[in-house]
Amino acid sequence: MSLVLDPAAQDLLFREARTANTFTDEPVTEEQVQAIYDLVKYGPTAFNQTPLRITLVRSAEARERLVRHMAEGNQPKTAAAPLVAILSADNEFHQELPALLPHFPQAKDLFFAERPVRESSALLNATLQAAYFIVGIRAAGLAAGPMTGLDFAGVQKEFLDDDHTPLMVVNIGKPGEDASFPRSPRLAYEDVVTTI
């Protein structure tokens with residue numbers, strides 16, 4: 001059985017896509033980022049919550065501050081990428097639930113009144129949204145370089161607040177020369193899927 005999605009689109013989003021470590025100097029525009037978000041915002045989450053927050057690091061001063069918090073091996077590529085995004089989870093996402101879940105506005109207080117519950121849900125659902133965001137970057141014909149090699153506490157203190165938990169930093173742009181490593185192996189269907 002074949003997929004409905006065109007094979008070229010399948011390649012663009014998954015088979016041929018790679019994590020980029022180098023980029024060209026072609027800028028990533030605000031319009032491109034908005035188009036990416038306007039596509040991926042439709043990805044499913046629990047209770048239609050939208051805890052992902054995207055902080056675009058565009059200024060040279062902010063980039064320099066961010067690079068200091070990246071692991072040594074991630075510093076040069078973060079410094080050189082056309083655009084860098086800090087992805088974080090908003091632990092106060094529940095405030096938006098009455099508007100996002102109009103048929104069940106009481107979910108805000110019924111399920112998410114306690115901070116530990118919100119933090120757990122925000123982490124799970126914002127990470128899911130981060131995956132959609134990476135696929136959306138690929139759909140825009142760009143490459144993503146997601147990284148978790150960073151000082152999370154430092155990034156939170158420098159760029160966020162106590163209500164936002166950093167998830168990752170993503171370098172974004174057109175892939176440069178030798179941008180990625182060869183494709184690593186993946187587990188086969190029968191190694192992953194169990195039928196009961």
J.: Is it true that atom CG of Asp162 has more than 12 heavy atoms of other residues, nucleotides or ligands lying nearer than 6.0 Å?
T.: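 Not buried by this count: 12 neighbours or fewer within 6.0 Å.
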
J.: Under a 3.5 Å cutoff, is there a donor and acceptor pairing between the side chains of Glu96 and Thr50?
T.: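 Absent: no donor and acceptor within the cut-off.
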
J.: Apply the side-chain contact (heavy atoms from CB on, under 4.5 Å) test between Leu123 and each candidate in Leu128, Asn91, Leu167; give the one that qualifies.
T.: Leu167

J.: Would you say that more than 12 heavy atoms from the other residues, nucleotides or ligands in this model lie under 6.0 Å from the CD of Glu190, or not?
T.: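 Check passes, neighbour count above 12.
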
J.: Would you say Tyr132's side chain and Pro44's backbone share a donor-acceptor pair under 3.5 angstrom?
T.: yes

J.: To the nearest 0.5 angstrom, please state how far the CG atom of Leu160 sits from the CZ atom of Arg53.
T.: 11.5 Å

J.: Which atom pair, heavy atoms only, marks the closest approach of Gly145 to Phe23?
T.: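 Closest approach of Gly145 to Phe23: N-CZ, 4.3 Å.
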
J.: Taking everything shown except Glu64 itself, do over 12 heavy atoms lie less than 6.0 Å from its CD?
T.: no

J.: So does Glu177 have more than 12 non-hydrogen atoms from other groups sitting under 6.0 Å from CD?
T.: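 For Glu177, atom CD is not crowded (no more than 12 foreign heavy atoms under 6.0 Å).
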
J.: Hey, could you give me the CD/CG distance between Gln106 and Leu97, rounded to the nearest 0.5 Å?
T.: 11.0 Å

J.: Starting at CG of Asp109, measure out to CD of Glu114 and round the result to the nearest 0.5 Å.
T.: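 Between Asp109 CG and Glu114 CD, I get 11.5 Å after rounding to 0.5 Å.
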
J.: Which word best sums up how the rings of Phe104 and Phe47 line up, parallel for under 30°, tilted for 30 to 60°, or perpendicular for over 60°?
T.: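 Aromatic pair Phe104/Phe47 classed tilted.
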
J.: Taking Asp191 first and then Arg186, would you say they form a salt bridge - that is, a charged N and a carboxylate O separated by under 4.0 Å?
T.: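 Answer for the salt bridge query: no.
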
